[in-house]
Amino acid sequence: MPHADIPSYDPQAVETKWQRLWAERRQNEVHEDPKRPKYYLLEMLPYPSGDLHVGHARNYTLGDVVARYERMRGRNVMHPMGWDAFGLPAENAAISRGVHPRIWTTENIANMRRQLQRLGVAYDWTREIDTSSPEYYRWTQWLFLLMFRRGLAYKKEAPVNWCPRDKTVLANEQVENGVCWRCGTKVERRLLNQWFLKITAYADALLKGLDSLAWPERIKTMQRNWIGRSEGFSFSFAIENVPGARIEVFTTRLDTLFGATFLALAPEHPAVEKLSANTPQSAAVKTFAAEMRDISELDRAQLMEKRGVFSGGYVIHPLTGGRIPVWVTNYVLATYGSGAVMGVPAHDQRDLEFARQHGLEIERVVIPQAGADAVAGQQAFEDDGVLVNSDGFDGLTSSSARERIGEALAGAGNGRKAVLYKLRDWLISRQRYWGAPIPFVDCAKEGLVPVPEDQLPVLLPDDVPFAPESGSPLENAKGWREVRCPRCGGPALREAETMDTFMCSSWYYMRYLSPHDAVAPWSVDAAKYWAPVDRYIGGAEHAVLHLMYARFFYKVLQEEELVPGDEPFLRLFNQGLVLGSNNERMSKSHGNTVGIDETVDRYGADALRLFEMFAGPPESDYPWSTAGITGATRTLARIWRLVLGHPGCCSDTPGEALQNGAEDRDIRYSIHSKIRQITEELGDRMHLNTCVAALMTLLNDLEAATGKTADVAALHAGSRALVLMLAPFAPHIAEELWERSGGAGSVHLQPWPRYDEAALRRDLIPIVVQVNGKRRAAISAEPGCSEEDAMALAIRESTVSAQLDGKRIVKRVFVPDRLLNIVTG
RNA sequence: GCCGAAGUGGCGGAACUGGCAGACGCACGCGACUCAAAAUCGCGCGAGGCAACCCCUCAUGUGGGUUCGAUUCCCACCUUCGGCACCA
């Protein structure tokens with residue numbers, strides 16, 4: 001019932017008031033408290049690109065709802081925010097607009113922080129971090145040195161991915177379908193001397209750790225595939241007429257060894273020249289290898305067409321002693337295994353295609369079952385089966401043949417079981433300015449020397465030229481580069497490269513725990529209380545990037561006893577995207593963004609938050625809708641009128657007394673069933689959209705009952721519960737209503753409402769009556785009523801008896817308190 | 001090509017372990033209030049049928065299957081989205 005004396009709801013006034021008061025009261029600051037269970041909730045830290053749009057708002061609201069809910073459930077909630085502030089866009093802005101990256105970044109951070117505060121997200125801002133600040137990157141450098149000390153950082157010359165547009169190298173994970181993940185430019189291959197981190201040393205640990213994680217299966221699968229473990233056997237072929245020279249191969253199908261009719265080499269393989277030397281093939285091989293070296297492996301893969309030339313040389317089959325021709329091909333990767341493959345055309349589709357093109361022999365050595373035809377088909381037979389044409393191994397199954405052939409080779413001193421991974425070491429050098437400098441110097445006498453820890457941070461020089469033509473700014477910063485060697489005092493040059501920004505984000509979740517620590521990257525005591533992250537919220541695009549790098553870091557940190565447990569993020573949640581009007585991901589580059597400021601100006605932060613949580617399940621995408629947000633606005637205005645129509649309803653004495661009228665029982669049932677439903681769906685399941693729907697239903701029920709029931713106490717209690725459960729979703733209006741209705745303290749520090757089992761008991765419950773599986777009626781029965789009683793009630797329904805008329809009942813299915821299905825003959 | 005996820009009203013979506021399909025909201029229609037409009041409130045709202053609006057039929061991408069009963073489980077196919085793409 002609208003009252004004339006109820007003031008109207010002014011979102012802007014309410015929101016600015018509470019944002020100010022929460023900050024003044026330092027309400028969102030947290031500290032270790034051994035008496036309370038901790039909960040570490042984290043959203044992936046954003047890159048400070050300038051402006052937040054409603055897609056970001058969805059992400060951070062999602063985290064905020066969970067954080068506020070967990071706090072009301074009695075947990076000590078860590079919910080920090082910071083900035084992944086190093087990176088290319090800042091530097092590109094410097095080039096195109098002449099603004100220093102530091103200025104550009106600082107301004108963007110200020111703006112985005114303001115926008116997050118406008119959304120009312122309850123971060124502990126005293127813990128804010130900026131990965132581009134010296135206080136932070138000092139420790140990124142420190143961690144790099146720790147990696148070096150542990151033998152996990154090394155510099156070597158290797159063919160690497162080079163993005164010609166961004167003018168830097170990229171890790172394998174940062175190349176998607178042959179193009180740069182950031183700018184979409186086709187990457188090139190260059191031979192450069194670069195720093196790597198030995199993530200491959202942790203391939204097995206990274207793989208095994210996945211089993212314990214409550215992550216979406218799809219992300220775990222992507223990581224498993226990326227790590228790409230395969231078990232097989234490694235052995236070698238002797239090169240004919242070159243004493244002592246051998247070519248090593250790896251295979252997962254040792255059972256097909258007798259079907260090997262050629263050997264395939266990558267063009268980069270060191271034996272290529274040796275084999276063709278002094279043969280008529282020499283010139284052809286040189287031409288082919290040179291041609292292939294100019295094409296990156298990624299491009300070769302895209303060509304798909306298999307090409308190759310005979311090398312002119314032969315190897316000797318290790319068991320039969322037969323001669324096997326060696327070919328140089330474009331389909332064998334130099335960077336996987338040994339860069340050489342035994343060609344078994346009958347049992348490998350790729351080898352078959354190649355063999356057909358070049359008229360090579362095809363010999364079938366595995367058949368589906370004993371006695372089957374051993375003639376090679378159109379398709380390679382790649383399954384396991386039974387061996388034929390394999391000397392003493394005929395008749396064995398593939399799996400036992402792999403064992404026995406392996407034993408035979410190993411017994412002859414040739415080879416062993418081996419495990420190979422697709423995962424490559426992480427290339428972390430970047431030829432760019434806006435990143436953490438690699439803390440090494442190159443001394444004329446001592447070579448590469450680490451900068452001693454007490455000389456960290458190696459500061460980025462501020463005064464450097466930014467121009468597209470002048471090359472890497474650090475390389476040209478002479479005064480900065482020229483230093484004394486920390487070891488011998490002689491002249492040395494600083495490394496002019498910076499670290500991949502994924503280094504910064506691989507450990508930031510630990511820095512939040514003691515962000516102002518000047519003597520350590522974080523406090524181990526604080527880490528013992530807070531770590532690991534209980535719930536991590538972020539996009540799926542980081543599946544094999546940040547999420548794998550951070551896990552690698554954590555495993556190293558665990559061995560250093562700097563962190564508890566062996567995984568950084570126990571549960572991962574991938575939120576869905578907000579799509580723009582063109583049904584594409586909302587982003588600046590798509591030009592379809594809807595800004596936070598314009599939306600909050602118009603509707604208020606609470607309405608935006610409520611709508612974004614309501615619009616769909618948190619894990620699925622949905623298109624932005626300005627029409628939809630009006631529903632949230634209306635809902636908030638209705639809650640405002642309802643609650644203020646029950647003065648004092650949030651005071652500490654709800655004064656709810658059980659009464660007996662049927663209507664009163666209904667309203668109590670509605671209140672308590674909604675508390676139960678929202679509590680169940682808000683926790684682990686995160687069905688936030690149905691929680692909002694349940695809040696709306698409760699609002700409808702309370703409105704409908706207002707003025708119609710004598711049980712004013714129940715309505716007061718219902719309004720109070722509504723305000724409390726609204727609080728995580730629309731924190732400002734809930735706080736205002738709490739205050740205006742006599743609530744003590746902050747609504748956000750109240751215990752979450754509990755439901756009363758007694759209120760959920762009903763005198764009569766509906767039981768659905770079906771005839772042959774089709775719903776014909778619903779009867780009201782006492783809870784726990786017997787099948788016979790339900791049957792008696794059911795046949796009194798005309799719609800049921802009409803269906804039963806003249807038919808014989810052959811069966812009844814009775815689900816107590818739910819359903820009765822009568823089956824006729 | 002391989003792997004994974006998803007297809008439900010005009011729209012976003014709901015339906016916990018197989019048990020009333022379409023909760024909740026948007027849009028739309030009718031009505032109340034108003035000089036009028038906005039706001040607000042009430043009612044209706046999957047499609048079709050019948051004189052019968054407390055009834056019936058059909059309907060959750062398509063086709064089959066399991067079951068007393070299928071949006072839910074199984075098989076095949078279609079469409080969309082995501083990942084991987086010569087890893088021996």
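Everything numeric here is computed off the predicted structure, so don't read it as measured data.
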> Which salt bridge (charged side-chain N to carboxylate O under 4.0 Å, His left out) pairs, counting each pair once, include a residue from residues 324-348 of chain A, with sequence neighbours left out?
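Sorted result for residues 324-348 of chain A: A:D348-A:R350.
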
> Could you name each residue pair satisfying salt bridge (charged side-chain N to carboxylate O under 4.0 Å, His left out) that touches residues 616-636 of chain A, not counting sequence neighbours?
none

> Scan the side chains in residues 248-255 of chain A for donor-acceptor partners under 3.5 Å anywhere in the protein, sequence neighbours excluded, and list what turns up.
unit_1, atom_1, unit_2, atom_2, d
A:E248, OE2, A:S234, OG, 2.9
A:T251, OG1, A:R253, N, 2.8
A:R253, NE, A:D255, OD1, 3.0
A:R253, NE, A:D255, OD2, 3.4
A:R253, NH1, A:E382, O, 2.7
A:R253, NH2, A:D255, OD2, 2.9
A:R253, NH2, A:D383, O, 3.4
A:D255, OD1, A:R402, NH1, 3.3
A:D255, OD2, A:S398, OG, 2.9

> Along nucleotides 15-26 of chain B, 5' to 3', which nucleotides get a B, which get an S, and which get a -, given that the test is a protein heavy-atom distance under 4.0 Å?
-B--BB--BBSS

> Ring pair (Phe, Tyr, Trp, His ring centres under 6.0 Å) with A:Y202: which residues, sequence neighbours excluded?
A:F552

> Which residues pass the ring pair (Phe, Tyr, Trp, His ring centres under 6.0 Å) test with A:Y9, sequence neighbours left out?
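Partners of A:Y9 under the ring pair (Phe, Tyr, Trp, His ring centres under 6.0 Å) test: A:W640.
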
> Between the protein and nucleotides 70-73 of chain B, list every N/O to N/O distance that falls short of 3.5 Å.
none

> Want to know the stems of RNA chain B: at least 3 consecutive Watson-Crick or G-U pairs with distances under 3.5 Å, which are they?
B:1-7 with B:78-84, B:10-12 with B:24-26, B:28-32 with B:40-44, B:46-49 with B:55-58, B:61-65 with B:73-77

> Quick one: list whatever passes ring pair (Phe, Tyr, Trp, His ring centres under 6.0 Å) with A:F614, sequence neighbours left out.
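Counting only residues at least two positions away or on another chain, A:F614 forms no ring pair (Phe, Tyr, Trp, His ring centres under 6.0 Å).
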
> Identify the pairs formed between an N or O of the protein and an N or O of nucleotides 4-8 of chain B at a distance under 3.5 Å, and give each distance.
none

> Among residues two or more places apart or on two chains, list those pairs meeting side chain to side chain donor-acceptor pair (under 3.5 Å) that have a residue in residues 540-549 of chain A.
A:E173-A:Y549, A:Q174-A:Y549, A:Y536-A:H546

> Looking at residues at least two apart in the chain, or sitting in another chain, which of them share a ring pair (Phe, Tyr, Trp, His ring centres under 6.0 Å) with A:W327?
A:F310, A:F354, A:H358

